[in-house]
Amino acid sequence: MTQTKRLFYILFFLAGSIKGYAQIDAVTFGFSTTAASFEVRCQAQKISAGDTTAFNLSDTADYIFSWSGDTQPFENNLPSASYFFDAAGTYTFTLEVTEKASTTLYSETKTYTILDTLKIPNVFTPNNDGVNDLFIVESNGVIPLEISIFSRTGTLIFKTKAPIIVWDGRNTSGSMVSPGTYYYVLTSEDPAVETQKGFIHVFSDAKQYD
């Protein structure tokens with residue numbers, strides 16, 4: 001066998017050996033959050049020739065995943081990871097992916113700002129029919145909120161402070177308020193959360209706002 005042919009077979013063998021492994025150029029990851037808590041979900045993504053697709057569980061056979069950052073993830077060594085925080089803020093996340101066959105290490109670091117998202121309904125029907133009977137402010141359930149609710153004439157009818165606001169439609173004397181429109185002011189101990197103001201429409205029958 002000539003030297004040229006031997007070289008050809010060696011190159012062919014090497015090309016065949018590494019085929020299927022060095023398939024990515026870089027890695028990155030995306031974020032998703034849950035409104036009811038300070039949870040951040042990260043999903044590893046592979047970049048190849050400009051295309052970005054998500055890793056999946058079957059990729060753990062070929063890659064090693066390591067997540068880190070300002071806090072340790074609840075899940076690790078997987079293409080996705082969940083992080084839980086005690087407060088809103090800007091946090092750093094790092095993903096390292098090692099290709100097992102070539103031991104190539106890919107790394108990506110990102111920052112993400114978690115906002116203390118509030119969801120405040122503007123309609124409820126406290127008529128004990130089991131549907132929309134409570135006025136509930138959805139939040140992370142960690143940092144206390146304070147709400148004051150006033151009648152149209154400016155009379156304070158309800159006030160409370162708690163991590164999760166729940167109002168059953170009763171005033172400070174324990175009596176059910178009359179159907180109508182009420183004004184609220186909601187504040188938070190978290191300086192990142194702005195004061196919220198708005199109106200609540202109280203109905204006695206759900207059909208009134210269908």
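Sequence positions, counted from 1, serve as the residue numbers for this chain. Quantities reported herein were computed from a predicted structural model and do not represent experimental measurements. Atoms considered below: every heavy atom in the structure, side chains included; atoms not considered: hydrogens, waters and symmetry mates.
Ring planes of F135 and Y184: tilted class, angle from 30 to 60°.
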Next item on the list: Would you sort out whether K46 and D59 count as a side chain to side chain contact (heavy atoms under 4.5 Å, CB included), showing the intermediate values?
Entry: CA-CA 10 Å; K46 46 191 170 184; D59 289 310; 3.5 Å; yes

Next item on the list: Just do the side chain to side chain contact (heavy atoms under 4.5 Å, CB included) check on F124 and I136 with the steps written out, would you?
Entry: CA-CA 9 Å; F124 82 117; I136 302 175; over 6 Å; no

Next item on the list: Under the side chain to side chain contact (heavy atoms under 4.5 Å, CB included) rule, what do F203 and V123 come out as? Steps first, then yes or no, please.
Entry: CA-CA 8 Å; F203 294 104; V123 171; 3.7 Å; yes

Next item on the list: Show your working on side chain to side chain donor-acceptor pair (under 3.5 Å) between T153 and S151 and close with a plain yes or no.
Entry: CA-CA 5 Å; T153 59; S151 68; 2.9 Å; yes

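Contact record, S68 with Y83: O-OH, 3.0 Å, taken as the closest heavy-atom pair. The minimum heavy-atom distance linking D129 with V131 is given by the pair OD1-N, 2.9 Å. When all heavy atoms of R41 and S80 are compared, the closest pair comes out as NH2-OG, 3.1 Å. The shortest heavy-atom contact between P79 and N56 is CG-O, 3.3 Å. Closest approach of R170 to F158, counting heavy atoms only: O-CD1, 3.7 Å. For P73 against A81, the heavy-atom pair with the smallest separation is CB-CB, 4.0 Å.
At least one donor-acceptor pair under 3.5 Å links the side chain of K100 to the backbone N or O of T60. The backbone N or O of F74 lies less than 3.5 Å from no partner atom in the side chain of W67, so there is not a single donor-acceptor pair. N171 places no side-chain N or O within 3.5 Å of a backbone atom of V177 that could act as its donor or acceptor partner. In this structure a side-chain-to-backbone donor-acceptor pair under 3.5 Å is present from D133 to N128.
Note that CG of N77 and CD1 of I64 are 8.5 Å apart. Values are rounded to the nearest 0.5 Å. Note that the CG atom of D70 and the OG1 atom of T111 stand 9.5 Å from one another [nearest 0.5 Å]. Separating the CD1 atom in I47 from the CD1 atom in I24 is a distance of 9.0 Å, to the nearest 0.5 Å. From I114, atom CD1 reaches atom CD of E39 across 10.0 Å, with rounding to the nearest 0.5 Å. For the atom pair F29 CZ and Q43 CD, the distance stands at 11.5 Å (nearest 0.5 Å). To the nearest 0.5 angstrom, Q72 atom CD is 14.0 Å from F84 atom CZ.
Y91 and L95 end up in the same hydrophobic cluster when Ile, Leu, Val, Met, Phe, Trp and Tyr side chains are linked at under 4.5 Å. Linking Ile, Leu, Val, Met, Phe, Trp and Tyr residues whenever their side-chain heavy atoms come within less than 4.5 Å places L156 and V185 in a single cluster. F199 and F150 end up in the same hydrophobic cluster when Ile, Leu, Val, Met, Phe, Trp and Tyr side chains are linked at under 4.5 Å. Under a hydrophobic-cluster definition in which Ile, Leu, Val, Met, Phe, Trp and Tyr are linked whenever side-chain heavy atoms come within less than 4.5 Å, directly or via other members, I157 and I200 are assigned to the same cluster. Under the 4.5 Å side-chain heavy-atom criterion for Ile, Leu, Val, Met, Phe, Trp and Tyr, I120 and W167 are members of the same hydrophobic cluster.
For E189, the salt bridge (Lys or Arg N to Asp or Glu O under 4.0 Å) criterion is met by K161, not counting sequence neighbours.
In summary, the side chains of T195 and T187 do not present any donor paired with an acceptor at a separation below 3.5 Å, with no hydrogens or angles considered.
In this structure, F93 has its ring center under 6.0 Å from that of F31. Here F65 and F55 bring their ring centres to under 6.0 angstrom of each other.
The environment of K159 atom NZ is sparse: at most 12 non-hydrogen atoms of other residues, nucleotides or ligands sit within 6.0 angstrom.
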